[in-house]
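Step one of this worksheet: look at the structure below.
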Amino acid sequence: MAAAPPFKPFTLAMIQLGQVGADKSANLRHAREMIHKAAQGAVSPRLMSLQECFNSPYGHVHFPVYAETIGFEPGQPYDVAKTESESVKLLSAAAKDTGVWLLGGTIPERTPEGKVYNTAMVYSPKGDLVAIHRKVHLFDIDIPGKITFKESETLTGGSSTNYFDTEFARIGLGICYDVRFPELAAIAARRGCQVCIYPGAFNTTTGPLHWELLQRARAADNQIFFGMCSPARDLTAGYHAWGHSLVVDPMAKVIGQLEHEEDILFVDIDPKTFTEARAGIPVTTQRRFDVYPDVSKAQ
Ligand SMILES: NC(=O)CCC(=O)C(=O)O
C-alpha cells in the first residue's frame, strides 16, 4: 500500500439536501445546483459530500426502481463518457465544473449479475470516478412501535473496505449503518486515513440517541476526523431522516453540525488537531497486538 498523502489543511463541505422526491431528474438537478452553491461558498471547499441515497427516496422498495449501472472496477480505467448512468454523468460534470473533490453521496447500483448495492462514488476535480464503496452492513432493524427497516429485502451488502487519496489527505469511506461497526473505521485509520466520511441517513428514533455518539466514538478511538452527511428531514417522505450533518475532530470534539433543514456545512480540517491528539494521547503507538489481533490485517 502506498503511503498516505501528507495531511494538509482543507475545507470540507457537507451538502444536506432536501427535496429528494420521486422525480429522479429533479433530484439530480437540485443536487447539481447545491454542489455549485457549495463550491461558490464564502470559503472554497476542496472536498464536498452529499448524503446517502441522494437521487431517490430512501426505502427498500425504491432501490431496484432507481438503480443504475456504474460498472466501476477498482484499479481499472473508467470512462465516464461511456456510462449510461445519469447520476455518474451529473456528478462527474459537477466535480469537473467546480474543480472540487466530490464524494457523491450514494445511489442504488445494479450490477450485471442483477445485484443491487447502496453505493458511494468519489470524483476527482477532473471529473474522474476514482473510488466506490458499497455499503457493507445493511440497515436491518426492528424497534417495535418506532422503526422497522430492512435494506436486505432488495440490497446486497458490499464486501470491501475503501478509501481514496487526494493531494491533502487519505479519506476512508463507509455508509451510514457501517458506522455502528468500529472495524471499518479502525481499518481505515490503520491504513493511514486521517479523515473518514460516511454519507448517511439516520432517522428520528436512532438519530437523537446515536448519530453524534457513534461519530465521536469513531473519531476518538481512531484519532481521526470523522463526518457524516445526512439528508434534510422531510416529514412528507416515507423515511424521516435525522439531518444534523456533522463533523468531529480527532479529540472527538464536534466542529460543525447542521440542524435538520436543507443547508450546507463548511468545516476547516486542521491537521494540527490530528497531530496533537496523537502526540498527547498516543494510543496509535500503544496498541497491544500481542494481546489481540490487528483488525487492519483481518483481510
Ligand atoms: N441508512 C441507514 O443505514 C440508517 C442507519 C440508522 O439509522 C442507524 O440507526 O444505524
Side-chain angles (χ1 to χ4, degrees), residues 1-15 35 38-39 43-50 72-78 80 91-92 94-96 98-105 120-133 160-175 178 184-199 215 218-229 247-251 255-256 265-280 282-285 287 294-297 299:
M1 189 191 348
F7 194 14
K8 299 185 189 148
F10 70 97
T11 300
L12 167 65
M14 300 290 226
I15 305 171
I35 291 166
V43 274
S44 301
R46 304 280 300 280
L47 171 64
M48 304 187 271
S49 179
L50 299 177
F72 178 85
E73 293 294 337
Q76 303 295 316
Y78 185 87
V80 170
L91 293 170
S92 164
K96 191 173 173 186
T98 57
V100 179
W101 285 91
L102 178 60
L103 167 45
M121 296 178 280
V122 179
Y123 296 85
S124 76
K126 290 183 182 156
D128 293 330
L129 177 55
V130 296
I132 65 167
H133 174 77
S160 61
T161 59
N162 297 283
Y163 66 78
F164 63 100
D165 284 341
T166 64
E167 55 294 355
F168 46 81
R170 176 169 287 176
I171 317 277
L173 294 168
I175 300 170
D178 282 337
L184 225 58
I187 288 168
R190 295 276 298 146
R191 290 185 177 158
C193 295
Q194 302 99 342
V195 180
C196 277
I197 305 175
Y198 291 16
Q215 294 183 63
R218 296 297 81 83
D221 52 27
N222 298 296
Q223 300 184 309
I224 53 172
F225 287 88
F226 198 97
M228 291 178 74
C229 186
V247 182
V248 182
D249 79 10
M251 289 297 273
I255 52 172
L265 175 66
F266 294 95
V267 178
D268 289 327
I269 303 295
D270 183 357
K272 203 161 152 258
T273 325
F274 175 86
T275 311
E276 286 176 359
R278 289 182 171 210
V283 293
T284 53
T285 59
R287 294 219 157 84
D294 175 355
V295 293
S296 72
K297 304 225 184 314
Q299 54 179 310

Taking distance alone, no hydrogens or angles, what donor-acceptor pairs closer than 3.5 Å link side-chain atoms of residues 221-229 to residues at least two apart or in another chain?
{"unit_1": "D221", "atom_1": "OD2", "unit_2": "R218", "atom_2": "NH2", "d": "3.3"}
{"unit_1": "N222", "atom_1": "ND2", "unit_2": "R218", "atom_2": "O", "d": "3.0"}
{"unit_1": "Q223", "atom_1": "NE2", "unit_2": "A277", "atom_2": "O", "d": "3.2"}
{"unit_1": "Q223", "atom_1": "NE2", "unit_2": "I281", "atom_2": "O", "d": "2.8"}

(message) Which heavy atom of L102 sits nearest to which heavy atom of L91, and what is that distance?
(response) CD2-O, 3.5 Å

(request) Indicate yes or no: at least one non-hydrogen side-chain atom of T161 is less than 4.5 angstrom from one of L184. (result) yes

(request) Please answer whether the main-chain N or O of K272 pairs with a side-chain N or O of D270 as donor and acceptor at a distance below 3.5 Å. (result) yes

(message) For a quick test of reading the model, state the closest non-hydrogen atom pair linking A120 to I175 and the distance between them.
(response) N-CD1, 3.8 Å

(message) Could you work out, with side-chain contact (heavy atoms from CB on, under 4.5 Å) as the rule, every residue matching P282, not counting sequence neighbours?
(response) T285, Q286

(message) Tell me every residue that passes side chain to side chain donor-acceptor pair (under 3.5 Å) with S124, counting only those two or more places apart in sequence or in another chain.
(response) none

(request) Can you see which heavy atom on A219 is nearest to which on V248, and at what distance? (result) CB-CG1, 3.6 Å

(request) Compare all side-chain heavy atoms of L129 with those of Y123 and state whether any distance is below 4.5 angstrom. (result) yes

(message) Quick check for you: to the nearest 0.5 Å, what is the distance between M48 atom CE and L265 atom CG?
(response) 14.0 Å

(request) Could I get the full list of side-chain contact (heavy atoms from CB on, under 4.5 Å) partners for D165, not counting sequence neighbours? (result) P5, Y163, R170

(request) Could you walk me through whether F10 and V195 pass side chain to side chain contact (heavy atoms under 4.5 Å, CB included), step by step? (result) CA-CA 11 Å; F10 70 97; V195 180; 4.2 Å; yes

(message) Nearest 0.5 Å, please: how far is SG in C193 from CD1 in I171?
(response) 7.5 Å

(request) Identify, with sequence neighbours excluded, every residue that meets salt bridge (charged side-chain N to carboxylate O under 4.0 Å, His left out) alongside R190. (result) D294

(request) Measure the shortest side-chain to side-chain distance between T273 and I255 over non-hydrogen atoms and say whether it is less than 4.5 angstrom. (result) no

(request) Starting at CE of M1, measure out to OG of S296 and round the result to the nearest 0.5 Å. (result) 7.5 Å

(message) Restricting to side chain to side chain donor-acceptor pair (under 3.5 Å), what partner residues turn up for D178, sequence neighbours left out?
(response) H133, H137

(message) To the closest 0.5 Å, what do you measure between CD1 (I132) and OG (S160)?
(response) 7.0 Å

(message) Any heavy-atom pair between the side chains of R46 and I269 that's under 4.5 Å?
(response) no

(message) Give me the atom names and distance for the closest heavy-atom approach of G127 to A95.
(response) CA-CB, 4.3 Å

(message) In terms of relative ring orientation, are F72 and Y78 parallel, tilted or perpendicular, with 30° and 60° separating the classes?
(response) tilted

(request) Output all residues satisfying ring-ring contact (aromatic ring centres under 6.0 Å, His included) with F266, sequence neighbours left out; order by chain, then residue number. (result) none

(request) Output all residues satisfying side-chain contact (heavy atoms from CB on, under 4.5 Å) with K8, sequence neighbours left out; order by chain, then residue number. (result) F168

(message) Is there a side-chain contact between L173 and L103 in this structure, where contact means two heavy atoms from C-beta onward sitting under 4.5 Å apart?
(response) yes

(message) If you compare all heavy atoms of G174 against all heavy atoms of P199, which two are closest, and at what distance to 0.1 Å?
(response) O-CD, 3.3 Å

(message) Measuring only between side-chain heavy atoms, which start at C-beta, is V80 closer than 4.5 Å to K96?
(response) no

(message) With a 4.5 Å cut-off on side-chain heavy atoms, are I197 and L12 touching?
(response) yes

(request) Provide the closest heavy-atom pair for A4 versus G192 in the form atom of the first, atom of the second, distance. (result) CB-O, 3.5 Å

(request) Using the test side chain to side chain donor-acceptor pair (under 3.5 Å), find all partners of E276 that sit at least two apart in sequence or belong to another chain. (result) none

(message) With side chain to side chain contact (heavy atoms under 4.5 Å, CB included) as the criterion, how do L50 and I35 come out once you've worked through the C-alpha distance, each side chain's angles and the decisive distance to 0.1 Å?
(response) CA-CA 8 Å; L50 299 177; I35 291 166; 4.1 Å; yes

(request) Output all residues satisfying side-chain contact (heavy atoms from CB on, under 4.5 Å) with P125, sequence neighbours left out; order by chain, then residue number. (result) W101

